[in-house]
Amino acid sequence: MNNKVITIAAAVILNERNQTLLVRKKGADFFMHVGGKLELNESPETALSREIFEEIGCEIEIVSYIGKYETLAANELNHSLVSYLYQVKLKNEPKVQAELAEMRWIDLNNSELQLAPLTKDISIPWCKNLLGV
């Protein structure tokens with residue numbers, strides 16, 4: 001594959017009802033975890049904190065590093081995605097900001113939404129395994 005690579009940090013955020021927080025960017029069809037592209041010389045953790053604050057206005061606590069994954073990008077044709085995935089706790093209530101069109105807490109068995117490959121293939125199965133569902 002001659003794909004261009006996008007490197008991001010993304011957050012798995014769970015609530016007390018075992019739902020995960022997903023967002024959809026303006027003009028996009030796919031729901032995905034909050035997060036975004038790393039800037040030059042920026043660590044994944046710094047990018048994650050910055051992107052979460054920009055997108056949903058929250059300070060965070062990183063609970064754990066889940067792993068580094070490569071998948072297809074959801075919104076950029078012919079791009080692959082290298083993702084640093086973290087489990088994160090929010091320190092305040094999330095609100096849609098920046099380039100987001102919408103934000104939803106979804107059940108892990110939700111089959112109605114179009115999910116980004118990282119969300120569908122990696123993080124949802126990880127959440128189900130973590131929670132034993």
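Reckoned from all heavy atoms, side chains included, excluding hydrogens, waters and symmetry mates.
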Nearest non-hydrogen partners of [X] and [Y], listed with the distance:
X: C127; Y: V12; result: SG-CG1, 3.4 Å
X: N18; Y: L108; result: O-CG, 3.6 Å
X: T119; Y: P125; result: O-CD, 4.2 Å
X: D29; Y: N75; result: N-OD1, 4.3 Å
X: A47; Y: E42; result: CB-OE1, 3.4 Å
X: E55; Y: V23; result: OE1-CG2, 4.3 Å

Exercise for the section: Check the pair F53, Q97 against side-chain contact (heavy atoms from CB on, under 4.5 Å), reporting the backbone distance first and the verdict last. Expected result: CA-CA 9 Å; F53 189 77; Q97 300 185 161; 5.9 Å; no
Exercise for the section: Test S80 against I6 for side-chain contact (heavy atoms from CB on, under 4.5 Å), laying out the working first. Expected result: CA-CA 6 Å; S80 60; I6 300 168; over 6 Å; no
When hydrophobic residues are tied together by side-chain contacts of less than 4.5 Å, even through go-betweens, does [X] share a cluster with [Y]?
X: L22; Y: I60; result: no
X: V82; Y: L38; result: no
X: L113; Y: L100; result: no
X: L14; Y: Y84; result: no
X: I62; Y: L21; result: yes

Measure the spacing between [atom1] of [X] and [atom2] of [Y] and express it to the nearest 0.5 Å.
X: K120; Y: L118; atom1: NZ; atom2: CG; answer: 11.5 Å
X: L77; Y: K4; atom1: CG; atom2: NZ; answer: 11.0 Å
X: S64; Y: I66; atom1: OG; atom2: CD1; answer: 5.5 Å
X: I13; Y: I56; atom1: CD1; atom2: CD1; answer: 4.5 Å
X: F31; Y: M103; atom1: CZ; atom2: CE; answer: 11.0 Å
X: T7; Y: K68; atom1: OG1; atom2: NZ; answer: 7.5 Å

Are [X] and [Y] packed together at the side-chain level, in the sense that at least one heavy-atom pair is separated by less than 4.5 angstrom?
X: V63; Y: V88; result: no
X: I124; Y: N109; result: no
X: L48; Y: P44; result: no
X: H33; Y: S123; result: yes

Pair [X] + [Y]: basic N to acidic O under 4.0 Å:
X: E102; Y: K25; answer: no
X: K37; Y: E51; answer: no
X: E39; Y: R50; answer: yes

Problem - side-chain contact (heavy atoms from CB on, under 4.5 Å) between R24 and M32, worked out - result: CA-CA 6 Å; R24 185 179 60 78; M32 60 191 60; over 6 Å; no
Between [X] and [Y], is there a donor-acceptor pair closer than 3.5 Å when you use the side chain of the first and the backbone of the second?
X: H79; Y: V5; value: no
X: N92; Y: G57; value: yes
X: N129; Y: G132; value: no

Establish, from distance only, whether the side-chain atoms of [X] and [Y] form a donor-acceptor pair under 3.5 Å.
X: D107; Y: Q19; value: yes
X: Y86; Y: E45; value: yes
X: T46; Y: S43; value: yes

Practice task
Check the pair E61, K89 against salt bridge (Lys or Arg N to Asp or Glu O under 4.0 Å), reporting the backbone distance first and the verdict last.
Solution key: CA-CA 5 Å; E61 173 191 333; K89 277 188 183 167; 5.1 Å; no
Practice task
Quick one: do L72 and L81 satisfy side-chain contact (heavy atoms from CB on, under 4.5 Å)? Show the steps, please.
Solution key: CA-CA 6 Å; L72 290 175; L81 197 66; over 6 Å; no
Exercise for the section: Only one of Y65, Y69, W126 passes side-chain contact (heavy atoms from CB on, under 4.5 Å) with L85; say which it is. Expected result: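 Testing each of Y65, Y69, W126 against L85, the sole residue satisfying side-chain contact (heavy atoms from CB on, under 4.5 Å) is Y69.
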